[in-house]
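Take a look at the structure set out below.
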There are 2 protein chains.
Amino acid sequence: MFRIGSFARLGGLSAKQLRAYDELGIFRPVWVDPSNDYRYYSPAQLPELRRILALRELGLPLDEIGCLVAGGDLREALERRRAELERERQRAEERLRALDISIADERGPDVVLRPVAVEPVAVMHVAQPVDTALYELESHVRDAGRRAPRPPGAIPSEREIFVPVTGPIPTTDRIGYRRLPAVRVASIIHRGAYEGVADARRALLRWVESAGLATVAPMRTIYLQFGAEAELRVPPGYVVDQAADFVTELQLPVA
Amino acid sequence: MFRIGSFARLGGLSAKQLRAYDELGIFRPVWVDPSNDYRYYSPAQLPELRRILALRELGLPLDEIGCLVAGGDLREALERRRAELERERQRAEERLRALDISIADERGPDVVLRPVAVEPVAVMHVAQPVDTALYELESHVRDAGRRAPRPPGAIPSEREIFVPVTGPIPTTDRIGYRRLPAVRVASIIHRGAYEGVADARRALLRWVESAGLATVAPMRTIYLQFGAEAELRVPPGYVVDQAADFVTELQLPVA
DNA sequence: GCTTGACCTTCCCTCTGGGGGAAGGTACAG
DNA sequence: CTGTACCTTCCCCCAGAGGGAAGGTCAAGC
C-alpha cells in the first residue's frame, strides 16, 4: 500500500491530480482510512492508473474517461476520438495548403474562407449588371420599405443582380424574390476600377484550386461601397476617391 | 465612410472585434470623430481588413498580426507558423497511430510516453538481477544515508541493477555511482509473476515499433513495489497477494 | 422635436480543460 | 519531538480569444 505521495511519484503525476481524479470518480484509492481520510493505493492499481493516463495522453477529456470507468464503451470512445483527431489533422493540412499559397504570394493572404448567411433578396435579370438597373431595383425595394442594410450584388453568370431585403416583396415581371442559400464562400476583395476585377477573379479561382476545394455555385459579386451608408460624414480634408474607393467582393461558394 | 456597425457587417466580424483590433493597434479606423469618438472606416480599408482576417484564419495570434502591421517580416511569420502547423499535424498523426494501436487492442491502451528525470543511482553489476543483490545494494545505500524514495531497477542488457540515491555515495569495487540520463520513455506496467514480464516486453516493443519511434538506450526495468513504502498500513481484511501485487515497469527510452 | 437605434467606455464573464499554490489544521515516521 | 506528509477549501492561472450588460451620448428618420 502506498500513500498518495509515493503513489503519485510512481505514476508520474501529482498528488493533486490523484485527488482530483478521486473526486471525479475516475480513479479512486483502494482504501481510505476513515480515521484520517488518508488515501491508500495498492501496487495492483498501477496498471489501471496507467490505462487512464494513456487515455488522457490520447487526448480524451477527463470526464469522458470518467464515463468509460463507469462502464462506457471503450471502443466507441476511441473511435470517436479517432474521428475527431482525423478532422484535426485534415484541418491542419487545409491550413498548411492555405499557408503555402500565402507564402508564395508576396503581398500576404487576401482570400478568406467564410460562411455567408441566407440572404433574402430582390432579383432582376439584366443584360449587363449596370448601375442604372441596380438603382432601379433598389428604388423598387425601398418603395416597398424592405431594404435590408446590406450591400447589393450580382451573379454575373446568371445575368442577375440582387438587392437584400428584409422580407418578401411584391414581384413584377422584371423583379423577383428569392433567398440566396447560406454557403461557405472563398472571398476576395478588389479595390479600384471595375476593370481590375478580372485579375481578382483569376486570383480567387487559383486560390480555390490550390486549396483543393470544389465550387458548388456560381460566383457572386458584391458591391460593397454601394449605398448611402458609404457616404456618411467625412473627416475634414478627406477626399473621396471614387476610383480607389470602389470596392468589390467576389464570393465563390465552395464545399 | 462607414460607421463601425455597417463596416463590421461588410467585413464579416463584430463591432466589438473591430474595437478590440483598434485598441490592439492591429487595425485602426481611418478617422475618429474627436467630438464623439465615433470610429469611421473607409471602403479602401476593406482589403487591409481582409488580409488581417486571412492571417487570423491561418492561425496567427492577434498580437503577432499586430507586430506584422507594425512592420514585421510577413514572410518569416508565415514560415514560423507553417513550422508550427507542421508540428501540429505530426502530433496528430502520432496520436492517430497510438490510437489505432489502442483500438486494435481490446483491453485499451497500456503504454504511455512520458519523460523521466535524471536519476542519480548506485549501480552494481550482477550475473542476474536477483533480489538478494538488490537487497545488498540497497543496504549499502541506506548505510550511507543516501536512499532516495524512488523504486530501484535494472538494466538487464547491461547486467546492472540500480538504486536511486540522493547524491554521490562511496564506491566500492562492486558498487558504482552514476546518473541515469533524463529521457523520454515508452513505458508499460506489468503486474503479476515476474515470468510474465516477457509478454509485456513484447507488447512494449511492438508498440514502439507501431508508433514509429526509435529506441535510443537499453530498456530499464523498475521494481515498483520494492521497498518499505509498499508496506504501509493495510486496511482491515486486506490480503497482500504477493503475486498479484508484484508490479514491474518496463521503460524503453525513445527519440 | 422626438424616438429608436447606434455608438461610446468600462467591467466582468465565458469557454476548454485542465493546472498550481496557500492557508489552516491533523497525522505519521524516524 | 520535529519535520514532513496529508487533509480540505478557496482562489488563481494558462491561452486566446469573444460576448454581455451597464450607463451615458449621439445620429437619423419621421
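Lettering of chains follows the sequences in order, A, B, ..., and the numbering in each one begins at 1. For the numbers below, each heavy atom of this structure counts, side chains included, while hydrogens, waters and symmetry mates do not. Predicted model only: the values in this text are computed from it and were never measured.
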Exam field: side chain [X] to backbone [Y], donor-acceptor pair closer than 3.5 Å:
| X | Y | value |
| --- | --- | --- |
| A/Arg97 | A/Ala211 | yes |
| B/Arg95 | A/Glu57 | yes |
| A/Arg81 | A/Leu58 | yes |

message: Checking A/Phe27 now: which residues fulfil ring-ring contact (aromatic ring centres under 6.0 Å, His included) with it, not counting sequence neighbours?
response: A/Tyr41
task: Quick one: list whatever passes ring-ring contact (aromatic ring centres under 6.0 Å, His included) with B/Tyr177, sequence neighbours left out.
output: none
message: How close do B/Leu78 and B/Leu60 get, counting heavy atoms only, and between which atoms?
response: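 It is CD2-CD1, 4.2 Å.
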Minimal non-hydrogen separation, B/Ala186 against B/Val111, with atom names: CB-CG1, 4.2 Å
Identify the pairs formed between an N or O of the protein and an N or O of nucleotides 10-12 of chain D at a distance under 3.5 Å, and give each distance.
none

- request: Decide if atom CD of A/Glu23 counts as having more than 12 heavy atoms of other residues, nucleotides or ligands within a radius under 6.0 Å.
  value: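 No.
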message: Other residues, nucleotides and ligands only: do more than 12 of their heavy atoms fall within 6.0 Å of CZ on A/Arg80?
response: yes
Return the value, rounded to whole Å, for the distance between atom [atom1] of [X] and atom [atom2] of [N].
| X | N | atom1 | atom2 | value |
| --- | --- | --- | --- | --- |
| A/Tyr40 | D/dA5 | OH | P | 14 Å |
| A/Met1 | D/dA5 | CE | C1' | 17 Å |
| B/Phe7 | C/dC7 | CZ | C1' | 16 Å |
| A/Phe2 | C/dA29 | CZ | P | 14 Å |
| B/Glu23 | D/dG18 | CD | C1' | 14 Å |
| A/Ile4 | C/dA27 | CD1 | C1' | 15 Å |
| A/Leu18 | D/dC6 | CG | P | 10 Å |
| B/Asp33 | D/dA28 | CG | P | 11 Å |

statement: Sorted by chain and residue number, the salt bridge (Lys or Arg N to Asp or Glu O under 4.0 Å) partners of A/Arg28 (sequence neighbours excluded) come out as A/Asp22
Check whether any side-chain nitrogen or oxygen of [X] sits under 4.0 Å from OP1 or OP2 of [N], and answer yes or no.
| X | N | answer |
| --- | --- | --- |
| A/Ser14 | C/dG20 | yes |
| A/Arg3 | C/dC28 | no |
| B/Asn36 | C/dC7 | no |
| A/Arg39 | D/dT8 | yes |

- request: Kindly determine whether A/Arg150 and A/Val163 satisfy side chain to side chain contact (heavy atoms under 4.5 Å, CB included), including the steps that lead there.
  value: CA-CA 8 Å; A/Arg150 286 183 293 277; A/Val163 167; over 6 Å; no
- request: Supply the atom-to-atom distance A/Asp63 CG to A/Leu24 CG, rounded to the nearest 0.5 angstrom.
  value: 8.0 Å
message: Give the residues of residues 84-103 of chain B touching DNA chain D, defined as any heavy atom closer than 4.0 Å, sorted by residue number.
response: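 Within this stretch, nothing sits under 4.0 Å of the strand.
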Please enumerate all protein N or O atoms sitting under 3.5 Å from an N or O of nucleotides 15-17 of chain D, with distances to 0.1 Å.
| unit_1 | atom_1 | unit_2 | atom_2 | d |
| --- | --- | --- | --- | --- |
| D/dA17 | OP2 | B/Leu62 | N | 2.8 |

- prompt: Between A/Ala20 and A/Tyr38, which is nearer to the 5' end of DNA chain C once each is assigned its nearest nucleotide?
  reply: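 The residue whose closest nucleotide sits nearer the 5' end is A/Ala20.
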